[in-house]
Student: 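Okay, here's the structure, questions in a sec.
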Amino acid sequence: MKKCICILLLFLCSFIQGQSLQNPLLEKGWNALVKDQENQAFSYFWQAFEKAKTEKNTHDQAESLLYLGICSYGSSAEKGLLYATQSLSAYKKLTEQEPEFAQKGRARCLQLISTIYSRQKKFAQAIALSRSVVQDLEGTNDQEGTLGLAYNSLGSYYEIQQKNDSAAYFFQHAIHEFERAKNSAYLPTAYAKMGELAQKNNQKNVSYQWYKKASEVAFDSENKQAQVICLLALGRWELEFNHSVTSAEAHFEKAKKIATSLSDKVFEIKAIEALIELKKQQNDFEKVSQWQDEALKIKDRYYSLEREQIAKNLEVQFEVAEKDRKLELVSKEKEVSRLTNILLVSLVLLLVIVFTVLYLSFKRINKRDKELLQAKEDLFVALEEQKRMKEQQFEYDIEYRESQLSAITLQMVQKNELLEEIKTIVNSNEMVPEKQLVQMINRHFTQDNNWSDFDKYFESVNKNFYNKLKLKYPDISANDMKICALIKLNLSIKEMASILNISPDSVKTARYRLRKKLQLSTEDNLTEFILSI
């Protein structure tokens, strides 16, 4: 979008190069303006205006004011609007004496105001004015280049809308108008726009030819603003197609050097922004910071609240002037008082509609915000409830696993008690029917969970217990880890002996050996140590 604004700025910086100027002062001012010598050009235009005012020459006053607007708007949008609206009023005075001249002058003023509006990003108003210019001048022998500028404005608008086919259509019409009138001041940027469209379509050679053609015309005519735009375009072309950072940087640096001498600081800002993007790609953030600081300083000097306020006042002045002109035309057919009443009623209705729309919009926004807040609160409550349920489920899982572990431990105790009972019967040499022994064994088959099941449930309750032991004490054996697990469950020596199917003394011996492997002193409590892991 910013690129399109800059192109429009350049097109109007030298507004009427193709025409043959009868006023020597205006001609000198124009020649200086084409070479971007704004101060010298402004001096000539002002002298022409003072001379015309002294001689009460409305014709030259209108022309001088228009040139003053063209020369001023680049560095001060409010001044450009001021001179454009004053010129528009002067041309209106010539409607009856010189209708054709007044019509063309009005079109030139409208196109200048359209360009200023584009700079201020008021594209809807700008495009409406450019379309009005096309309607007024299409089919006429326009030698000033105004019709070409209007075509270019429409092309830039469609480019912003990413309608490249429509944009190319209007840019080609603009080039045709400029070439027909031999307006070399407009051609460089018109060519550059075609190059940009070709570049977007990945047409390497075509885009380069357009840029080369634009650059040649810009440097031959000593048009510095066009030179800056061409150099920036060539730099981006080098980056995209040749991936040449060095060439691109050289083009951007050269563009910045030329733009520094221009009073219209938009071009210098564009050059700096191109350098910033390049340095970002090179990850040279120190240089990026320096360029950004410089760009901010330029923008701070260039834009101010006071200027914006003045520009708004001048816009109102232009709109009032346009309304007065329409009222004057309508008054030839109808009474002025009736039309004024209609306009007032329309304005009141418009204000009522605007305030109604605003009220409904604010009401809808407020309702939406309340609904959003309620939804956030409901979501928060739901998340809290979900969190509580997850915690509760986690507790249930822990309790379940602990109960499973206890059940396995109990089953192991019962199994070993059974084995001990059978062993006692065998050692007593008593005659026990074989059928009775089978029944005793079958009664405990359903409870025969081995150490693998025990380990699974034990690890689900005591995460990484075995891994921690093995990592800290690599020499510990599988038997030792079983002892540790039973101690972790806070079982007595008798219960441990029953589960391991050994005597209590053997358990004590195993605990003693375990203490040594764990490097515990006599004062250290083995159970407390295991429970702390």
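All values below come from the heavy atoms of this structure, side chains included, with hydrogens, waters and symmetry mates left out.
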Student: Let me confirm one number: the CD-CZ distance from Glu277 to Arg236, rounded to the nearest 0.5 Å.
Tutor: 9.0 Å
Student: State, with a plain yes or no, whether a side-chain heavy atom of Pro188 is found less than 4.5 Å away from one of Ile229.
Tutor: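 When only atoms from C-beta onward are counted, Ile229 and Pro188 do not touch, as no gap falls below 4.5 Å.
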Student: What residue pairs, at least two apart or across chains, pass side chain to side chain donor-acceptor pair (under 3.5 Å) with a residue in residues 479-491?
Tutor: Ser477-Asp480, Asp480-Lys517
Student: Tell me, with the steps shown, if Glu216 and Lys212 meet side-chain contact (heavy atoms from CB on, under 4.5 Å).
Tutor: CA-CA 6 Å; Glu216 289 173 354; Lys212 184 179 177 182; 3.5 Å; yes
Student: Could you check whether Lys163 makes a cation-pi contact with Tyr158, meaning its NZ or CZ is under 6.0 Å from the centre of the six-membered ring and within 45° of the ring axis?
Tutor: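 Not satisfied by the 6.0 Å and 45° rule.
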Student: What are the two closest heavy atoms between Ala248 and Glu238, and how far apart are they?
Tutor: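 For Ala248 and Glu238, the tightest heavy-atom pair comes out as N-CB, 4.2 Å.
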Student: Where do Asn242 and Trp237 come nearest, in terms of heavy atoms and distance?
Tutor: ND2-CZ3, 3.2 Å
Student: Test Lys224 against Phe267 for side-chain contact (heavy atoms from CB on, under 4.5 Å), laying out the working first.
Tutor: CA-CA 10 Å; Lys224 292 183 180 179; Phe267 295 92; over 6 Å; no
Student: Are Ser156 and Phe171 packed together at the side-chain level, in the sense that at least one heavy-atom pair is separated by less than 4.5 angstrom?
Tutor: yes
Student: Hey, are the side chains of Ile476 and Lys470 touching, using non-hydrogen atoms and a 4.5 Å cut-off?
Tutor: yes
Student: Does a side-chain heavy-atom distance below 4.5 Å link Gln290 with Glu286?
Tutor: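 Sidechains of Glu286 and Gln290: in contact.
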Student: CZ/Arg119 to OG/Ser114 distance, rounded to the nearest 0.5 angstrom?
Tutor: 13.0 Å
Student: How far apart are the closest heavy atoms of Met194 and Ala168, and which atoms are they?
Tutor: SD-O, 4.2 Å
Student: So, the side chain of Glu268 versus the backbone of Lys265: is there a donor-acceptor pair under 3.5 Å, distance only?
Tutor: no
Student: Do Leu514 and Ile487 touch side chain to side chain, with heavy atoms closer than 4.5 Å?
Tutor: yes
Student: Checking Phe285 now: which residues fulfil ring pair (Phe, Tyr, Trp, His ring centres under 6.0 Å) with it, not counting sequence neighbours?
Tutor: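 With sequence neighbours excluded, Phe285 shows a ring pair (Phe, Tyr, Trp, His ring centres under 6.0 Å) to no residue whatsoever.
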Student: Do Leu81 and Tyr117 have side-chain heavy atoms sitting under 4.5 Å apart?
Tutor: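 Touching, per the 4.5 Å side-chain cut-off.
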Student: Going from NE2 on His251 to CG on Leu278, what distance comes out if it is rounded to the nearest 0.5 angstrom?
Tutor: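 These two atoms lie 12.5 Å from each other.
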Student: Which value, rounded to the nearest 0.5 Å, describes the distance between Phe123 atom CZ and Ser130 atom OG?
Tutor: 11.5 Å
Student: Grab the two heavy atoms, one from Ala84 and one from Leu112, that are nearest each other, plus how far apart they are.
Tutor: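 So the minimum-distance heavy-atom pair works out to CB-CD2, 3.8 Å.
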Student: Got a salt bridge between Glu249 and Lys279, using NZ or NE/NH1/NH2 to carboxylate O under 4.0 Å?
Tutor: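 So Glu249 pairs with Lys279 through a salt bridge.
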Student: Run the side-chain donor-acceptor check on residues 360-375: report pairs under 3.5 Å with partners two or more places apart or on a different chain.
Tutor:
| residue | atom | partner | partner atom | Å |
| --- | --- | --- | --- | --- |
| Ser361 | OG | Val357 | O | 2.7 |
| Gln374 | NE2 | Asp378 | OD1 | 3.0 |

Student: Heavy-atom count check: over 12 atoms from other residues, nucleotides or ligands less than 6.0 Å from Asn467 CG?
Tutor: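 Yes, the 6.0 Å shell around CG holds more than 12 heavy atoms from other groups.
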Student: Should we count CD of Gln162 as having more than 12 external heavy atoms under 6.0 Å?
Tutor: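 12 or below, so no.
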Student: Provide the closest heavy-atom pair for His243 versus Glu240 in the form atom of the first, atom of the second, distance.
Tutor: CE1-O, 3.5 Å
Student: Could you pull out every donor-acceptor pair under 3.5 Å between side chains of residues 526-533 and any protein atom, sequence neighbours left out?
Tutor:
| residue | atom | partner | partner atom | Å |
| --- | --- | --- | --- | --- |
| Ser532 | OG | Phe529 | O | 2.5 |

Student: Could you grab the distance from atom CG of Leu500 to atom CD1 of Ile493, nearest 0.5 Å is fine?
Tutor: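 Rounded to the nearest 0.5 Å, the CG-CD1 separation comes to 12.0 Å.
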Student: Glu196 and Lys193: salt bridge (charged side-chain N to carboxylate O under 4.0 Å, His left out), yes or no, with the steps?
Tutor: CA-CA 5 Å; Glu196 287 180 10; Lys193 291 307 296 180; 3.0 Å; yes
Student: Could you list the residues that satisfy ring pair (Phe, Tyr, Trp, His ring centres under 6.0 Å) with Phe219, not counting sequence neighbours?
Tutor: none
Student: Using the side-chain contact (heavy atoms from CB on, under 4.5 Å) rule, take Tyr169 and Asp165 through it: C-alpha gap first, then chi angles, then the decisive distance, then the call.
Tutor: CA-CA 6 Å; Tyr169 171 82; Asp165 291 338; over 6 Å; no
Student: So do the side chains of Gln281 and Leu239 get within less than 4.5 Å of each other, counting heavy atoms only?
Tutor: yes
Student: Please report the closest heavy-atom contact between Ala214 and Tyr191, naming both atoms and the distance.
Tutor: CB-CB, 3.6 Å
Student: Rounded to the nearest 0.5 Å, what separates atom CG in Leu379 from atom CD in Gln386?
Tutor: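 One finds 9.5 Å between CG of Leu379 and CD of Gln386.
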Student: Side-chain donor-acceptor pairs under 3.5 Å in residues 254-262, sequence neighbours left out?
Tutor:
| residue | atom | partner | partner atom | Å |
| --- | --- | --- | --- | --- |
| Lys256 | NZ | Glu294 | OE2 | 3.1 |
| Thr260 | OG1 | Lys256 | O | 2.7 |
| Ser261 | OG | Ile258 | O | 2.8 |

Student: Can you tell if the side chain of Asn152 reaches within under 4.5 Å of the side chain of Phe170, non-hydrogen atoms only?
Tutor: no
Student: Check whether any side-chain N or O of Ser72 sits under 3.5 Å from a backbone N or O of Gly69 as a donor-acceptor pair, and report yes or no.
Tutor: no
Student: Is any NZ, NE, NH1 or NH2 atom of the basic residue among Glu159 and Lys200 found under 4.0 Å from an Asp or Glu carboxylate oxygen of the other?
Tutor: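 Yes, Glu159 and Lys200 are salt-bridged.
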Student: Got a donor-acceptor contact below 3.5 angstrom from the Asp524 side chain to the Ser521 backbone?
Tutor: yes
